[in-house]
Asker: 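Here it is, the structure, as structure tokens.
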Amino acid sequence: MKKWSQTFIPTLKESPADAEIASHKLLLRAGLVRKLGGGLYTFMPSGLRVLQKIMAICREEMDREGGIELAMPHVHPVENWQKGPRWAAAREIMYRVDHAGDGKRSSRDPEFVLGPTHEEVITPLVKSEITSYRDLPKNFYQITTKFRNEIRPRYGLMRAREFIMKDAYSFDATDDGAIESYNRMKRAYTAFFTRCGLKTIPVEADTGVMGGSFSHEFMVPAPVGDDDIVYSDAGYSANREKATSALVPADLADAAPVGVVEEFATPGAVTIAALAAAPYGVPAEAQFKTLVFMGDGKPFLVVVRGCDDVEEAKLGSLGFQLWRAATSEEIEPLMGAKPGSLGTVRGTIKNPDALAGIFADHAIRLIGNGTTGANQDGFHLRNVNVVRDLAVTRFGDFRRVREGEPCPKSGEPLKLVRAIEVGHIFKLGTKYSEKFDAVYTDDKKQSHPMVMGCYGIGISRTLQAVIEQSNDADGILWPWHVAPWQVLVVNLDPQDETASGVAAQLAAAAEAAGADVLLDDRAERPGVKFKDADLIGIPLRLTVGGKGLKEGIFELKWRRGKDVQKVPLAEADRAIAEAVRQGAGTAGS
RNA sequence: CGGGGUGUAGCUUAGCCUGGUAGAGCGCCUGGUUUGGGACCAGGAGGUCGUAGGUUCGAAUCCUAUCGCCCCGACCA
């Protein structure tokens with residue numbers, strides 16, 4: 001049992017001006033965190049308690065599925081990263097650390113970075129410690145602080161420069177084994193989020209810089225999220241970056257040409273919309289849109305319908321480490337025209353040999369014969385046939401899916417919703433084990449790279465996601481198992497010995513029933529105590545004092561409910577034990 | 001890094017356009033009256049107006065630079 005007067009819960013009546021969303025405001029108002037700088041937060045005592053509870057649940061679920069806890073350094077020799085497979089992409093988000101020195105000369109020490117994640121540490125470790133199939137599989141995890149130079153920290157703990165993450169790394173002898181490890185983690189994650197009182201949707205996801213063969217994200221639907229997820233009732237769900245639709249039928253026949261390619265003048269018409277308007281009247285659905293990107297320094301082209309957007313994450317399938325949209329200066333000498341008049345009709349590109357490829361989205365086959373830029377400023381081409389006229393290295397899925405398109409599983413309309421990513425699991429394959437030579441010997445004395453998986457949970461982000469999902473106008477509605485305290489005993493008359501005695505007795509009863517108890521013993525007026533109680537969101541409130549005490553009762557109230565139960569003091573132990581049992585039996589309330 | 005905004009007491013802010021004594025509410029301290037949903041009265045402490053230059057007799061206010069923070073975009077758990 002903790003007395004309010006002996007801990008520190010600095011609540012605020014008003015939200016600090018730099019908090020914008022409900023969960024961020026409540027983190028501050030309920031005294032859970034305080035800001036040091038952008039994306040840097042101190043966990044105050046009650047915030048730390050929530051964090052520790054979430055971590056404890058996470059440990060239990062990881063251990064249940066065979067996870068082995070360890071703790072790796074935060075400071076990494078830069079060589080580990082340089083040797084790894086993603087140095088070029090990952091260095092942008094890493095902090096470099098040097099010792100401060102004596103200020104009189106520059107450091108000549110080795111270079112270090114702060115760990116944004118730990119594949120580059122765990123893989124060499126496992127390489128040197130495990131060499132036999134007999135020691136596999138293994139799944140190592142840790143719960144530690146991660147450091148990422150986020151370009152834009154946001155919304156408190158939601159996207160921070162320094163945050164708490166659970167990261168796990170599985171090592172298997174076989175691909176089947178790796179899939180089993182992956183599924184165990186999927187199970188652990190589902191159990192973990194459920195126990196945190198959080199409703200999540202697992203979705204298929206892009207593997208991004210991490211790489212690997214497939215992955216799932218655990219998403220909390222919320223308007224303030226950074227991602228869009230696409231799903232249908234048939235059970236299809238994917239991050240929008242990865243989502244596909246059945247827009248293009250599998251058996252679609254390529255359209256036959258309708259005539260010869262014709263050039264026509266389009267002075268000043270450099271947008272899809274301009275070409276769609278009078279006097280040209282070419283609908284966006286009949287235009288080929290050609291976009292230029294730079295992949296590892298070489299230009300490549302992507303062709304989509306005029307009405308579609310390129311989903312840039314999908315360009316990851318092309319095999320470039322880094323890619324970006326090309327600039328006008330890069331485009332004109334390559335194509336022969338400025339953006340707005342570009343196309344990929346054979347023979348019209350000025351310098352085709354410089355290209356790393358021309359990649360076309362499947363959906364352009366729906367156009368059949370359409371209109372595209374002539375690679376000559378102020379001119380377009382019509383009667384352009386996809387098969388006959390367009391130079392295409394290969395077709396693929398490069399367009400962004402839109403709400404309402406047919407689900408790839410069932411054909412019913414896809415739905416789209418914003419979400420917060422709280423967990424991500426990857427089947428990595430051998431990308432890292434090959435790079436770090438993490439191999440084992442099988443029972444036939446053959447050497448193979450280990451098959452890896454990696455699995456992350458944003459612990460501190462999960463904390464905020466719970467608040468975002470569970471709050472009302474008065475404050476937080478903590479789910480039982482992550483609440484900083486589960487029972488709040490409010491003593492309205494802390495100066496009165498009888499009231500204090502009863503309050504202590506109720507607190508002891510709740511504690512004996514297995515709850516964490518906070519006793520509000522402050523010399524504040526009742527209104528202040530009730531407001532604070534709602535704000536900090538303790539699930540079960542027991543109120544002692546005033547009129548009630550004279551009648552020989554105390555009050556029992558659930559934070560999520562409206563009813564106040566008046567319970568005779570003689571029945572306190574039984575009623576409290578019952579209520580605590582009820583609270584503990586709920587995942588979400 | 002691009003675009004937009006903002007910086008005045010622990011928190012929320014007024015004042016800035018049109019230069020001339022820095023003001024309020026909450027919180028804090030003292031005393032009193034109160035005591036079931038953020039009490040009231042009286043008294044009090046707390047601000048180099050983000051920082052540095054400049055213009056001016058005079059700058060929170062105008063100008064320049066710089067830093068921090070917030071929001072939108074690319075990135076991510």
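Values below: all heavy atoms of this structure, side chains included; hydrogens, waters and symmetry mates excluded. Chain naming here is simple, since letters A, B, ... match the order of the sequence lines and numbering starts at 1 in each.
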Asker: Name the one of A/Lys289, A/Glu311, A/Arg400 that satisfies side chain to side chain contact (heavy atoms under 4.5 Å, CB included) with A/Val304?
Answerer: A/Lys289
Asker: Consider side chain to side chain contact (heavy atoms under 4.5 Å, CB included). Of A/Val422, A/Leu27, A/Ile420, which one does A/Gln464 pass it with?
Answerer: A/Leu27
Asker: Measure from CD on A/Glu20 to P on B/rU12 and round the result to the nearest Å.
Answerer: 13 Å
Asker: Between A/Asp532 (CG) and B/rC11 (C1'), how many Å, whole number?
Answerer: 15 Å
Asker: With heavy atoms under 4.0 Å as the rule, sort A/Arg522 into base, sugar-phosphate or nothing.
Answerer: nothing
Asker: Provide a list of protein-nucleic acid N or O atom pairs under 3.5 angstrom, restricted to nucleotides 42-47 of chain B.
Answerer:
none

Asker: Aromatic contact between A/Phe218 and A/Tyr189, with the criterion being ring centroids under 6.0 Å apart: yes or no?
Answerer: yes
Asker: For the pair made of CG in A/Asp496 and C1' in B/rG36, what is the distance, rounded to whole Å?
Answerer: 15 Å
Asker: Base, sugar-phosphate, or nothing: which does A/Asp493 touch, judged by heavy atoms less than 4.0 Å apart?
Answerer: nothing
Asker: Could you check whether A/Ala17 gets within reach of a base, just the sugar-phosphate, or nothing at all, counting any heavy atom under 4.0 Å?
Answerer: sugar-phosphate
Asker: Heavy atoms under 4.0 Å, any strand shown: does A/Arg29 hit a base, just sugar-phosphate, or nothing?
Answerer: base
Asker: Taking only the P atom of each, what is the distance from B/rU56 to B/rC63 in whole angstrom?
Answerer: 16 Å
Asker: Hey, what are the protein-to-nucleotides 73-77 of chain B N/O distances that come in under 3.5 Å?
Answerer:
unit_1	atom_1	unit_2	atom_2	d
B/rC75	O2	A/Glu150	OE1	2.9
B/rC75	N3	A/Arg159	NH1	2.3
B/rC75	N4	A/Arg159	NH1	2.5
B/rC76	O3'	A/Arg148	NH1	2.9
B/rC76	O2'	A/Arg148	NH1	2.4
B/rC76	O2	A/Arg461	NH2	2.9
B/rC76	N4	A/Asp227	OD1	3.1
B/rA77	O3'	A/Gly423	N	3.3
B/rA77	O3'	A/His424	N	3.2
B/rA77	O2'	A/Glu421	O	2.7
B/rA77	O2'	A/Arg461	NH1	3.0
B/rA77	N6	A/Ala160	N	3.3
B/rA77	N6	A/Ala160	O	3.1

Asker: Between A/Lys35 (NZ) and B/rC11 (P), how many Å, whole number?
Answerer: 10 Å
Asker: Using a cut-off of 4.0 Å on non-hydrogen atoms, how would the nucleic acid contact of A/Tyr189 be classed: base, sugar-phosphate, or nothing?
Answerer: nothing
Asker: Can you list every stem that RNA chain B is part of, counting only runs of 3 or more consecutive Watson-Crick or G-U wobble pairs with both distances under 3.5 Å?
Answerer: B:1-7 with B:67-73, B:10-13 with B:23-26, B:28-33 with B:39-44, B:50-54 with B:62-66
Asker: Where do N or O atoms of nucleotides 25-30 of chain B meet protein N or O atoms at under 3.5 Å, pair by pair?
Answerer:
unit_1	atom_1	unit_2	atom_2	d
B/rG25	N2	A/Glu14	OE1	3.1
B/rC26	O3'	A/Lys13	NZ	3.2

Asker: Could you go over nucleotides 32-34 of chain B and give all protein N or O partners under 3.5 Å, atom names and distances?
Answerer:
unit_1	atom_1	unit_2	atom_2	d
B/rU34	O2	A/Arg525	NH1	2.6

Asker: Kindly state which residues belonging to residues 544-557 of chain A come within less than 4.0 angstrom of RNA chain B, counting heavy atoms of the residue only, listed by number.
Answerer: A/Gly545, A/Gly546, A/Lys547, A/Gly548, A/Glu555
